[in-house]
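Notes follow once the structure below has been shown.
Every value quoted in this text rests on a predicted model; they were computed, and no experiment measured them. Letters A, B, ... mirror the listed sequences (proteins, then strands); counts begin at 1.
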Amino acid sequence: GAVVSQHPSRVICKSGTSVKIECRSLDFQATTMFWYRQFPKKSLMLMATSNEGSKATYEQGVEKDKFLINHASLTLSTLTVTSAHPEDSSFYICSVRDSRGDTQYFGPGTRLTVL
Amino acid sequence: GESVGLHLPTLSVQEGDNSIINCAYSNSASDYFIWYKQESGKGPQFIIDIRSNMDKRQGQRVTVLLNKTVKHLSLQIAATQPGDSAVYFCAENRSRGGSYIPTFGRGTSLIVHP
């Protein structure tokens, strides 16, 4: 399977600040990356699909101006949580799709805590 | 609406026993399913997948069974070990815009007692 990294692994920030999370595909070129958020003891919720070189596709109910996604290269996608608030505290996970376009492989996740 | 769900939120087993985790889906158009294992504080890890043209698929100590008639999916873990303790999710892959988008079920917490 693909090797996916995320940075940082955890971040604590003050309310009102912006936080950038990086997702890297280390061993293959990912044309599509996905961003999820997960609350404690809950399932993963898809936020957006990130396509290299084009605008991300956001799921219904996800604010695109608050969660900025940039997929600038075939190995890097970033999620920026703008003007973060305590309710944005969550576990954010990215995934990449393999060359067949079916199976997704996940990163280790980023724990965001907004004070 | 159509959804993916799990029958049991928590499953406790003794080390060495076999574990069976179940999943129900309602979208008959789904044709690709994946089981993921998620340990605390980590991202989901791919375990095994199955396509709708198969009824059974085996991996190392794991077997996935698919019953399309009743829209049911199960993950069997043989000789369960303490390291198998985690939350297990089934993901139903639905085609959207020509590509697969997974929808995750609620998850089952597997607890293995030594």
Hydrophobic cluster membership, [X] vs [Y], 4.5 Å side-chain cutoff:
X	Y	answer
A/V81	A/M45	no
B/I34	A/L44	yes
B/M54	B/Y25	yes
B/F33	B/L65	no
B/Y88	B/V62	yes

Next on the checklist: Once rounded to the nearest 0.5 Å, what's the spacing between atom CD of B/Q38 and atom CZ of A/F91?
Outcome noted: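 Answer for the CD-CZ pair, B/Q38 versus A/F91, is 6.5 Å.
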Does [X] [atom1] have over 12 foreign heavy atoms under 6.0 Å away?
X	atom1	value
A/R111	CZ	yes
A/E87	CD	yes
B/K42	NZ	no
A/H7	NE2	no
A/K66	NZ	yes

So for [X], is it side chain, backbone, both, or neither that comes closer than 4.5 Å to the heavy atoms of chain B?
X	result
A/K41	neither
A/L46	side chain
A/S9	neither

Next on the checklist: If the contact rule is any heavy atom under 4.5 Å from chain B, which residues of residues 29-40 of chain A qualify, in numerical order?
Outcome noted: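 Near chain B, by residue number: A/F34, A/Y36, A/Q38.
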Item to check | Residues of residues 77-87 of chain B with any heavy atom under 4.5 Å of a heavy atom in chain A | outcome: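 None at all.
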Next on the checklist: For a side-chain contact (heavy atoms from CB on, under 4.5 Å) check, start with the C-alpha distance between B/Y32 and A/T103, then their side-chain angles and the critical distance, and finish with the verdict.
Outcome noted: CA-CA 9 Å; B/Y32 181 51; A/T103 305; 2.4 Å; yes
Next on the checklist: Measuring centre to centre across the rings, with the benzene-like ring taken for any Trp, is A/F106 within less than 6.0 Å of B/Y36?
Outcome noted: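 That pair passes the under 6.0 Å test.
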Item to check | Atom of A/S43, atom of B/G105 and distance for their closest heavy-atom approach | outcome: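 Of all heavy-atom pairs spanning A/S43 and B/G105, the closest is OG-O, 2.6 Å.
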